[in-house]
Amino acid sequence: MKKSIKYAGIAAATLLTVAPIAAPVVSNVTTVKADIGNTDQSDINTSITNFKNQFGDQEDTDIKLDTAIPANNKTLALGQSNEQDLSTFQLSNAGSGIIKTLATEDKLKALENQGAKVYTVITDAKGTTYDGSIGKSASDLKSALALDNYKPVTVSVYLKYKDLATGTYGAYTKVASYQITKSASDELKSVNAKFTTPLTVAKNSKTAATQLINGANISLTDQNGDSIATQEITLGSKYYYTYKAAMDSATTANTSDTDVKTNGDINSDDEFKTAGTYYQAITYKAATSSALSDLIAQYAKDPSKYTIYVNGKAASSGYDFVANTKYNTISFVRAINVSDSDADWTVEQNKGIVTTKSDKDSYTLKNDDNETISDRALAKNSAWVTDQKRTDQNGNVQYRVATGEWIPAENVTFSDKTADTGYTDVKALNGKVATAGPAGYYYPLFDDNGKQISNRGVSGLTEWYTDKSAVNADGVTVYHVATGEWLQGTNVTYTAY
């Protein structure tokens, strides 16, 4: 990103291919005229080439369109009715930025000796041709050039001169054509502020978590999606009951609403103690002489030229954002939702198998509200199908093993390998399996394809008849205890009849 909205610099001249000027037929009879000295047709042709080669495409930043056209109260030769001698054309338009001229006029002397005359015609992107007539004058052109949607404009330069042999003027011929284009594509014309809103946090969580830039998904980009350089980004340390109060805080230290800490909803330890919605300012400070700094200054003068977005949607000044020229900042507001629960979970799909560890006999489960389920537990070394994972604001992870039942990640190992390949090494049996205890535990059942059966299991300290055993995809022995239902051998003791 360049440093300013308008970038200085000279665009490389692009020489345009134009039709060669037909040279007048030179008579074999030499005619000597007192005012032309030693000029001959080759000198004229060289002058024409010198003249047209000084024109090339330009960006509007190079020609300073904010200055008056014509410059210095002189007339721009728009249209044949405003034709000018070549010498006058050069002098009167030298400062306008529209017409480029050579610093060394001697390169054009042959044309001047032949009384060369010049005019221009300019056509904007809307198709309007400015030829000096009413409604198409230099002042009208100036108004059009001030708006980007009228660019590029095409400038055509016409030239005529006296024939060496006859002393009479030939017809006007277009000798050059070039464009004045919009400024570079990286000119800062719009700002898109992206940030998470509303941000949900748990009750009793620290306010510091809402003031960390690296965890706030905050960015500022231009119309090309590129990041905009800033001096700093600040997340407000105060929280307000209304959106307006938070927006006001970006421009003045005094607001109409008291911040929530004053009223005790945030305690002395900077913890959110009351559930509800609060508002926080997000402020981007521009570096001096930066593109963002220039946009803030120019927006105050003419907001119609720039567009501000919040999360991709066009924003309204004073409500969605405020650009502050005094502090060189642009500020936004986001909502903070404080939930009524101490734990704030983010849930995602996460299919796989979790296997309980073996350092304890069993592992307790949590319900959807993160409360311990008193009469349910998973035995050690038991495998369970899981389809979801949830993470709280402190980074704690739990896996769902049944509807409304979760096992903390520290009590299991996770594998994304699902048991869906059926069984091998099937053997006929005649015996019973007894589940490990105590009676409050339960053990999962699996179908004929090795997939866990939802909401089906057997209690601890119970016995079940089995007629066959097999090995599942993970190499674990399973026992057939009912039609289409198998019990894993890691949780049972087999006894033959």
Side-chain angles (χ1 to χ4, degrees), residues 1-11 59-62 64-66 146-149 151-152 181-199 209-238 243-244 246-252 279-336:
M1 172 60 62
K2 296 182 183 178
K3 287 188 176 180
S4 64
I5 290 181
K6 297 288 187 182
Y7 304 114
I10 303 299
E59 289 187 359
D60 57 13
T61 49
D62 298 330
K64 298 181 175 58
L65 294 180
D66 55 337
L147 302 173
D148 273 351
N149 60 347
K151 302 168 195 165
T181 64
K182 296 178 184 179
S183 54
S185 60
D186 59 353
E187 177 184 345
L188 186 55
K189 285 292 189 180
S190 72
V191 165
N192 186 13
K194 297 180 181 179
F195 48 85
T196 300
T197 184
L199 177 70
T210 68
Q211 297 164 22
L212 300 175
I213 299 297
N214 59 357
N217 297 320
I218 292 177
S219 66
L220 194 66
T221 57
D222 64 13
Q223 64 272 14
N224 301 316
D226 296 327
S227 296
I228 297 173
T230 59
Q231 180 172 315
E232 65 177 340
I233 302 174
T234 303
L235 292 172
S237 59
K238 290 187 175 182
Y243 184 98
K244 183 180 183 302
M247 185 63 74
D248 288 346
S249 72
T251 56
T252 175
Y279 300 92
Q280 174 190 40
I282 300 175
T283 298
Y284 301 82
K285 183 174 179 59
T288 303
S289 300
S290 67
L292 181 60
S293 176
D294 283 351
L295 182 142
I296 291 170
Q298 294 302 320
Y299 186 89
K301 297 176 182 178
D302 186 0
S304 66
K305 290 185 177 181
Y306 308 95
T307 307
I308 311 299
Y309 297 92
V310 176
N311 291 321
K313 295 182 179 180
S316 300
S317 177
Y319 180 78
D320 297 304
F321 72 95
V322 59
N324 192 321
T325 54
K326 179 179 180 181
Y327 299 111
N328 206 20
T329 58
I330 184 167
S331 299
F332 305 85
V333 170
R334 71 171 175 177
I336 307 293

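Predicted model, so just to flag it, every value in this text is computed and none were measured.
In this structure, the separation between CD on Q231 and OH on Y284 is 15.5 Å, given to the nearest 0.5 Å. With rounding to the nearest 0.5 angstrom, the NZ atom of K189 is 13.0 Å from the CG atom of D222. Rounding to the nearest 0.5 Å gives a distance of 12.0 Å between CD1 of I282 and CD1 of I330. Taking CD1 of I308 as the reference point, atom OG of S317 lies at 8.5 Å (rounded to 0.5 Å). To the nearest 0.5 Å, atom CD1 of residue I233 and atom CD1 of residue I218 are 6.5 Å apart.
The minimum heavy-atom distance between A250 and V322, with the atom names listed, is CB-CG1, 3.8 Å. The minimum heavy-atom distance linking D302 with S304 is given by the pair OD1-OG, 2.5 Å. Summarising the geometry of T325 relative to A300, their closest heavy-atom pair is CG2-CB, 3.8 Å, with the distance given to 0.1 Å.
Under a 3.5 Å cut-off, the side chain of Y309 and the backbone N or O of K194 do not form any donor-acceptor pair. In this structure, Q280 contributes its side chain and T210 its backbone to a donor-acceptor pair below 3.5 Å. Checking side-chain atoms of S290 against main-chain N and O of S293 turns up a donor-acceptor pair under 3.5 Å. Using a distance-only test at 3.5 Å, with no hydrogens or angles considered, a donor-acceptor pair links the side chain of Y243 to the main chain of Y319. Side-chain atoms of N192 never come within 3.5 Å of backbone atoms of Q223 as a donor-acceptor pair (strictly under, hydrogens ignored). In this structure, the side chain of E232 does not engage the main chain of K285 through any donor-acceptor pair within 3.5 Å.
Side-chain contact between T329 and I296 is absent, with no heavy atoms from C-beta onward closer than 4.5 Å. Using a 4.5 Å heavy-atom cutoff, the side chains of V310 and T197 are not in contact. Residues L235 and R334 have side chains in contact (heavy-atom distance under 4.5 Å, counting atoms from C-beta outward). At least one side-chain heavy atom of T230 sits less than 4.5 Å from a side-chain heavy atom of L292.
Between F332 and F195, the ring-plane angle classifies as tilted under the 30° and 60° cut-offs. Note on ring orientation: taking the six-membered ring where Trp is involved, the planes of Y299 and Y306 are tilted (angle from 30° to 60°).
S190 and T307 share no side-chain donor-acceptor pair at under 3.5 Å.
Here S237 pairs with Q211 under the side-chain contact (heavy atoms from CB on, under 4.5 Å) rule; sequence neighbours left out.
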